[in-house]
Amino acid sequence: MLIPEEYKGNGLSLNCKRCNKRVSKIPCAHKNDWYYVLTYYIPKSGGERKTMFSKSRNLVEALQELEEFKRQYRDYRPLKITKEFTLKEGIERFFQKKFSEEEFKNNSKTLSHDHKTEIVRVIGRFCEAIKLMGLDPDSLFLNDLNERCVAPFYDVIEEYVNSTTSIDKHTRIMRSFIRFLINRGMYNGANFFLTVDTHKIESNPTSISDEEFKSVLNVISTENGWGTKGTSRKINYYRPWIKDFLLLARLTGLRREELYSLSKDSLINVEGGLMFIFVHNYKVERLLNEENIVKVLPVTDELKILIQELLNKCVSNKLIETEMKLGYFSDFLSSSFTHFYKKAFPNKKIKNFNSLRKAYATDVYSILGEEAHKITDHSGNVILEKHYIDKVRAALKMLEKDD
């Protein structure tokens with residue numbers, strides 16, 4: 001069923017139901033769950049596309065379906081605009097579509113709560129970029145939108161995320177939003193987010209230094225916690241447990257949901273006074289649609305001291321009690337780190353929460369080299385080096401070790 005090179009990029013792709021992603025050059029083992037997807041970008045439509053699943057598992061038949069599919073839509077034209085709509089009206093209609101409300105109640109896909117929350121978050125950041133341009137989302141006409149808003153949008157989201165995956169997610173949602181406006185006859189411009197490369201390589205990851213991290217910890221207080229969420233809402237980013245979680249993140253390299261799940265049961269003591277942390281690798285479990293994929297971390301002396309302090313303060317089985325649900329906790333922890341980094345370094349380029357994970361991975365890499373991925377729990381060093389290893393910091397660490 002694999003697609004020959006001469007047919008790639010022609011609107012035919014191969015996906016896997018179990019992996020829930022496109023079949024790559026190194027195919028998965030679930031051949032019986034593979035299926036073809038047909039895609040056609042309609043000419044002169046501003047990037048509108050039509051997609052359907054092939055009824056056949058045979059390559060020749062799927063290609064025939066694709067040609068018929070293209071023929072049906074070659075003369076298709078989007079609706080003509082009969083009135084001017086504001087950005088606010090466009091967003092309201094888009095949310096109705098995504099949340100299966102009003103006229104879309106019976107013909108929209110049912111999205112998960114997390115996906116809906118992500119859509120609202122991304123559109124909110126787009127409005128934040130519009131405001132930074134000196135424009136009002138409530139009164140701005142959609143037909144006044146153009147590619148000038150792309151750069152400010154990415155400037156805004158860099159304050160919240162900097163991983164390629166998160167940036168790609170923002171781009172895909174914005175593409176979907178503009179495409180929806182075009183399809184509904186609300187916007188007659190081009191889908192300017194189609195020109196954004198969603199697979200750009202982060203060739204030089206930057207972690208946080210030990211000195212920077214200490215400075216961030218030193219400014220964490222109730223008084224310094226006050227900041228602004230979005231453009232106007234006042235919020236205090238301080239919580240008594242913020243410093244503990246940031247220390248844990250720096251010393252373990254765990255993701256936010258993994259940190260949130262840590263409990264007394266996650267700690268395993270073995271002979272010789274050694275301790276290990278056992279925690280579910282939720283991200284990999286979701287990607288592979290499997291359960292009980294566990295990562296094992298050795299507990300260093302510094303980490304053991306912190307864990308003992310946390311155990312002495314425990315009021316439940318959880319290592320740190322937050323009284324927050326996971327989704328809100330994840331967003332709050334990232335935003336808090338960004339806020340306190342700004343407090344510590346008001347004139348420097350912002351580093352986000354993921355810089356802690358990069359610092360941990362860099363430390364492990366400087367000690368173990370090519371074997372580092374076995375501790376950081378990546379599939380190999382290609383991903384690790386491309387997205388996590390701060391090469392300058394790793395080199396300095398290696399020099400320290402040689403001394």
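How far CG of Leu267 is from CE of Met275: 5.5 Å, rounded to the nearest 0.5 Å. Interatomic distance, CZ of Phe141 versus CG of Leu135, reported as 13.0 Å (0.5 Å rounding). Of the inter-residue distances, the one linking Ile157 atom CD1 with Ser166 atom OG reads 8.5 Å to the nearest 0.5 angstrom. Remark: Tyr260 OH to Leu326 CG distance equals 6.0 Å, nearest 0.5 Å. Distance check: Leu38 CG to Leu63 CG gives 9.0 Å after rounding to the nearest 0.5 Å. Rounding to the nearest 0.5 angstrom, the gap separating the OG atom in Ser334 from the CG atom in Asn354 is 8.5 Å.
Scored by the ring pair (Phe, Tyr, Trp, His ring centres under 6.0 Å) test, His280 finds Tyr282 as partners (sequence neighbours excluded). Not a single side chain to side chain donor-acceptor pair (under 3.5 Å) links Glu147 to another residue, sequence neighbours left out. Take Ser139 and apply the side chain to side chain contact (heavy atoms under 4.5 Å, CB included) test, not counting sequence neighbours, and it matches Asp136. A search for side chain to side chain contact (heavy atoms under 4.5 Å, CB included) contacts involving Asn15 returns Ser13, Arg22, Tyr35, Val37, not counting sequence neighbours. A search for salt bridge (charged side-chain N to carboxylate O under 4.0 Å, His left out) contacts involving Lys313 returns Asp244, not counting sequence neighbours. Shown here are the ring pair (Phe, Tyr, Trp, His ring centres under 6.0 Å) partners of Phe95, two or more places apart in sequence or in another chain: Phe99. Checked against salt bridge (charged side-chain N to carboxylate O under 4.0 Å, His left out), Glu257 has the following partners two or more places apart in sequence or in another chain: Arg286. In terms of the side chain to side chain donor-acceptor pair (under 3.5 Å) criterion, Ser335 has no residue partners (sequence neighbours excluded). For the salt bridge (charged side-chain N to carboxylate O under 4.0 Å, His left out) test, no residue two or more places apart in sequence or in another chain qualifies with Asp33.
Of the possible donor and acceptor atoms, none in the side chain of Lys318 sits under 3.5 Å from a partner among the backbone N and O of Lys264. The backbone N or O of Glu61 lies less than 3.5 Å from no partner atom in the side chain of Ser56, so there is not a single donor-acceptor pair. In this structure, Asp114 contributes its side chain and Gly327 its backbone to no donor-acceptor pair below 3.5 Å. Of the possible polar contacts, one joining the Arg175 side chain to the Phe193 backbone as a donor-acceptor pair under 3.5 Å is found. Side chain of Arg57 to main chain of Trp34: a donor-acceptor pair is present (N/O by atom type, distance under 3.5 Å, no hydrogens or angles). A distance-only check finds a donor-acceptor pair linking the side chain of His339 to the backbone of Gly225 [under 3.5 Å]. Here the side chain of Tyr341 pairs no donor or acceptor atom with the backbone of Phe213 at under 3.5 angstrom. In this structure a side-chain-to-backbone donor-acceptor pair under 3.5 Å is present from Glu89 to Thr86.
Between Ile277 and Ile307 the shortest side-chain heavy-atom distance falls below 4.5 Å. Residues Leu262 and Leu254 are in side-chain contact: their nearest non-hydrogen atoms beyond the backbone lie under 4.5 Å apart. Using a 4.5 Å heavy-atom cutoff, the side chains of Leu140 and Lys88 are not in contact. Proximity of Phe245 to Arg239: side-chain heavy atoms (C-beta onward) are nowhere separated by under 4.5 Å. Between Tyr36 and Asn58 the shortest side-chain heavy-atom distance does not fall below 4.5 Å. Two residues are said to be in side-chain contact when any heavy atoms from C-beta on lie closer than 4.5 Å; Lys342 and Lys348 fail this criterion.
The pair Glu212-Lys351 meets the salt-bridge criterion, with a side-chain N (NZ, NE, NH1 or NH2) lying under 4.0 Å from an Asp/Glu carboxylate O. Between Arg250 and Asp363 there is a salt bridge, with a side-chain nitrogen of the basic residue lying less than 4.0 Å from a carboxylate oxygen of the acidic one.
Considering all non-hydrogen atoms of both residues, Phe192 and Cys149 come closest at CE1-SG, 3.6 Å. Scanning both residues, Ala190 and Ile182, for their nearest heavy atoms gives C-CD1, 4.4 Å. Smallest separation of non-hydrogen atoms from Asn143 and Gly189: OD1-N, 4.4 Å. Contact record, Ser261 with Val279: OG-CG2, 3.6 Å, taken as the closest heavy-atom pair. Nearest heavy atom pair, residue Ile242 against residue Phe340, reads CG2-CE1, 4.5 Å. Counting all heavy atoms, side chain and backbone alike, Gly90 lies closest to Phe180 at O-CE2, 4.4 Å.
Annotation for Phe53: atom CZ does not count as buried by contact number, only 12 or fewer foreign heavy atoms lying within 6.0 Å.
Using the six-membered ring where Trp is involved, His170 and Phe153 have ring planes that are tilted, between 30° and 60° apart. The aromatic rings of Phe353 and Phe337 sit perpendicular, their planes meeting at an angle over 60°, well past the 30° parallel limit.
Each side-chain hydrogen bond (donor to acceptor under 3.5 Å, both in side chains) pair with one or both residues in residues 299-310, not counting sequence neighbours, appears once here: Gln308-Asn312. Annotation: salt bridge (Lys or Arg N to Asp or Glu O under 4.0 Å) contacts involving residues 325-337, sequence neighbours excluded, comprise Arg121-Asp331, Lys229-Asp331.
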Listing, residues 215-223 side-chain donor-acceptor contacts under 3.5 Å, not counting sequence neighbours, or none:
unit_1: Ser215; atom_1: OG; unit_2: Glu211; atom_2: O; d: 3.1
unit_1: Asn218; atom_1: ND2; unit_2: Lys214; atom_2: O; d: 3.2
unit_1: Ser221; atom_1: OG; unit_2: Glu223; atom_2: OE1; d: 3.4
unit_1: Ser221; atom_1: OG; unit_2: Asn224; atom_2: N; d: 3.2
unit_1: Ser221; atom_1: OG; unit_2: Asn224; atom_2: ND2; d: 3.4

Run the side chain to side chain contact (heavy atoms under 4.5 Å, CB included) test on Arg93 and Leu181 for me, step by step, so that the C-alpha distance in whole Å, both residues' side-chain angles and the decisive distance to 0.1 Å come before the verdict. CA-CA 9 Å; Arg93 191 71 63 87; Leu181 298 177; over 6 Å; no
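Cation-pi check for Lys98 over Phe177 is not met; the charged atom does not lie both under 6.0 angstrom from the ring centroid and within 45 degrees of its normal.
Applying side chain to side chain contact (heavy atoms under 4.5 Å, CB included) to Ile123 and the options Glu118, Glu128, Met174 leaves one that passes, Met174.
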